[in-house]
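First, the structure itself, so that you have it in front of you.
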There are 2 protein chains.
Amino acid sequence: MQFGQKVRELRILRGLTQRSVADSLSVSVSYISKVENGKLHFGDYPSANFIHKLADELKADEDELLLLADKVPASIRQRIRQRPELFRQIAKMDKHALDRLESSLNTVN
Amino acid sequence: MQFGQKVRELRILRGLTQRSVADSLSVSVSYISKVENGKLHFGDYPSANFIHKLADELKADEDELLLLADKVPASIRQRIRQRPELFRQIAKMDKHALDRLESSLNTVN
DNA sequence: TGTTTATTGCACCTTTTGGTCAACCATTCA
DNA sequence: TGAATGGTTGACCAAAAGGTGCAATAAACA
């Protein structure tokens, strides 16, 4: 799922037009259109700030949108800063190890 | 340990002056000074790009510097993008759970 | 058919970011 | 004492990011 796609999906789901979203966020319609189509003339995604307001307007999960926009949510960044070595280690694991880790977390111990 | 402190420590360790580092990286001495003192008049840390060159010059661990500068290294970002849910879940864990996780990773299974 | 909604390109504008420059201070040392 | 050498600071500047506004285009639909 792409970022723009997700935004469009949510917008439609809420029964909103690009114009109404644009007005609510005080940006132009063309900007919303470009966001949904991934056509921002440089950089691929809107700013974290914009995503914040957008998530609010669409009643969406902000962190999910941030992740789709390849940005690291503050909640995760904070943890990484607190335990850099843990995260470096996890990042170094291969797919299988990650799978095992994920399922072990989902297992009620 | 603060970012600027670490940079200074490494620079001294390598027997370099601010000027020599500045020259190597083609920036001004004053910039290096501000970096070491955390006095960049906005934003707290230099750009990731700059840190990259700096790490190279100081023969430092780039990711460590990035983490000190509250930036998420590419290696970790990539993993987060691949498995957002896993990382969100880990980020939500409390200290104890993180401790247990960390030690379980260090345990040879 | 005309109205609403969305798409896209392009030139433009403002704010933020990433620096520079000049002047200054402190230390050392000939 | 004065002149290198190394470091600090504040005002300022240039480039990049983040967006605007318009115009032309198209599709939906009532």
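Letters A, B, ... are given to chains in the order of the sequence lines, protein chains preceding strands, and every chain is numbered from 1.
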- Which angle, rounded to 10°, do you find between the first-five-pair axis and the last-five-pair axis of the helix from dT1(C)-dA30(D) to dA30(C)-dT1(D)?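 For the helix from dT1(C)-dA30(D) to dA30(C)-dT1(D), the axes at either end differ by 10°.
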- Are L68(B) and I80(A) connected in a single hydrophobic cluster, I mean Ile/Leu/Val/Met/Phe/Trp/Tyr linked by side-chain heavy atoms less than 4.5 Å apart?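 The answer is no; the residues belong to distinct hydrophobic clusters.
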- Message: Would L67(B) and R88(A) count as a side chain to side chain contact (heavy atoms under 4.5 Å, CB included) here? Give the steps.
- Response: CA-CA 10 Å; L67(B) 287 163; R88(A) 293 184 78 171; 3.8 Å; yes
- Message: Just verifying a value: how many Å separate R100(A) CZ and M93(A) CE, rounded to the nearest 0.5 Å?
- Response: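 The CZ atom of R100(A) sits 6.5 Å away from the CE atom of M93(A).
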- Message: If hydrophobic clusters are built from ILVMFWY residues whose side chains come within less than 4.5 Å, do I32(B) and L13(B) share one?
- Response: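 I32(B) and L13(B): separate clusters.
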- Message: Name the residue from Q2(A), R11(A), Q5(A) that meets the side-chain hydrogen bond (donor to acceptor under 3.5 Å, both in side chains) definition with E36(A).
- Response: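 Single side-chain hydrogen bond (donor to acceptor under 3.5 Å, both in side chains) partner of E36(A) among Q2(A), R11(A), Q5(A): R11(A).
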- Query: Is there a path from V29(B) to L16(B) through hydrophobic residues (I, L, V, M, F, W, Y) whose side chains come within less than 4.5 Å of each other?
  - Reply: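 No, no single cluster joins them.
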- Item | Separation of atom CD1 in I32(B) from atom P in dC21(C), rounded to whole Å |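 In whole Å, dC21(C) P and I32(B) CD1 are 14 Å from each other.
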- Message: Under 4.0 Å, heavy atoms only, any strand: does S33(B) hit a base, just the sugar-phosphate, or nothing?
- Response: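 If one applies the 4.0 Å heavy-atom cut-off, S33(B) turns out to touch a base.
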- Task: May I ask you to decide if L58(B)'s main-chain N or O and R14(B)'s side chain share a donor-acceptor pair within less than 3.5 Å?
- Result: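 Confirmed, R14(B) side chain pairs with L58(B) backbone.
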- What does nucleotides 24-30 of chain C look like as a protein-contact string, B for base, S for sugar-phosphate only, - for none, at under 4.0 angstrom between heavy atoms? -------
- Query: Counting only side-chain N and O atoms of Y31(A), is one of them less than 4.0 Å from OP1 or OP2 of dG19(D)?
  - Reply: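 True: Y31(A) side-chain N/O within range (under 4.0 Å) of dG19(D) OP1/OP2.
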- Task: Provide, to the nearest angstrom, the distance between the CG atom belonging to L54(A) and the P atom belonging to dG18(D).
- Result: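 The distance from CG of L54(A) to P of dG18(D) comes to 15 Å, rounded to the nearest Å.
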- Query: In whole Å, what is the span from the CG atom of N49(A) to the C1' atom of dA17(D)?
  - Reply: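 After rounding, the gap between these two atoms is 13 Å.
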- side chain to side chain contact (heavy atoms under 4.5 Å, CB included) between L54(A) and L10(A): does it pass, once the steps are laid out? CA-CA 10 Å; L54(A) 186 60; L10(A) 284 164; over 6 Å; no
- Per-nt protein contacts along nucleotides 22-30 of chain D (heavy atom under 4.0 Å; B base, S backbone sugar-phosphate only, - none) come out as B--------
- Would you jot down, in residue-number order, the residues of residues 64-76 of chain A having a non-hydrogen atom under 4.0 Å from DNA chain D?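 Those residues: none at all.
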- Task: State, with a plain yes or no, whether a side-chain heavy atom of F3(A) is found less than 4.5 Å away from one of D44(A).
- Result: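 Of all side-chain heavy-atom pairs linking D44(A) with F3(A), none is under 4.5 Å.
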- Between residues 14-23 of chain B and DNA chain D, which residues have a heavy-atom gap below 4.0 Å?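 Only T17(B), Q18(B) qualify.
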- Should the pair D23(B)-R19(B) be classified as a salt bridge under the 4.0 Å nitrogen-to-oxygen rule?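 Here D23(B) pairs with R19(B) in a salt bridge, since their nearest N and O are under 4.0 Å apart.
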- Query: With hydrophobic residues grouped by side-chain heavy-atom distances under 4.5 Å, do V72(A) and F50(A) end up in a single group?
  - Reply: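 In one cluster with V72(A): F50(A), no.
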- Message: Just verifying a value: how many Å separate Q89(A) CD and L101(B) CG, rounded to the nearest 0.5 Å?
- Response: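 Between Q89(A) CD and L101(B) CG, I get 8.5 Å after rounding to 0.5 Å.
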- Query: So, D63(A) and K92(B), do they make that salt bridge, N to O below 4.0 Å?
  - Reply: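 Salt bridge absent between D63(A) and K92(B).
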- Query: Counting just side-chain N and O atoms, does R11(B) come under 4.0 Å of either OP1 or OP2 of dG7(D)?
  - Reply: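 Checking R11(B) against dG7(D): at least one side-chain N or O falls below 4.0 Å of OP1 or OP2.
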- Message: Distance alone, cut at 3.5 Å: any donor-acceptor contact between the side chains of R79(B) and Q82(B)?
- Response: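 Short answer, yes.
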- Rounded distance (Å) that lies between atom C1' of dG18(D) and atom NE2 of H52(A):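 Atom-to-atom, H52(A) to dG18(D), this comes out as 17 Å.
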- From CG (L40(A)) to NZ (K34(A)), nearest 0.5 Å: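 Reported to 0.5 Å precision, the distance equals 8.0 Å.
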- Query: Would you say R81(B)'s side chain and D70(A)'s backbone share a donor-acceptor pair under 3.5 angstrom?
  - Reply: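 Such a contact is absent between R81(B) side chain and D70(A) backbone.
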- Message: Assess the residue pair K71(A) and I76(A) against the criterion (side chain to side chain contact (heavy atoms under 4.5 Å, CB included)); give the C-alpha distance rounded to whole Å, side-chain angles, the decisive distance to 0.1 Å, and a yes or no.
- Response: CA-CA 10 Å; K71(A) 298 181 196 294; I76(A) 298 183; over 6 Å; no
- Message: Quick check: closest heavy atoms across P46(A) and Y31(A), and the distance to 0.1 Å?
- Response: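 Nearest pair, atom of P46(A) first, then Y31(A): CB-OH, 3.5 Å.
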- Below 4.0 angstrom from OP1 or OP2 of dT8(D), is there any side-chain N or O of R8(B)?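 Answer is yes, contact under 4.0 Å.
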- Message: If hydrophobic clusters are built by linking Ile, Leu, Val, Met, Phe, Trp and Tyr wherever their side-chain heavy atoms come under 4.5 Å apart, do L65(A) and L86(B) end up in the same one?
- Response: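 Hydrophobic grouping puts L65(A) apart from L86(B).
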- Message: Please report the distance, rounded to the nearest Å, between CG in L25(B) and P in dT20(C).
- Response: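 After rounding, the reported distance stands at 10 Å.
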- Taking only heavy atoms on the protein side, list every residue of residues 35-42 of chain B lying under 4.0 Å from any atom of DNA chain D, sorted numerically.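 Contacts with DNA chain D under 4.0 Å: N37(B), K39(B), H41(B).
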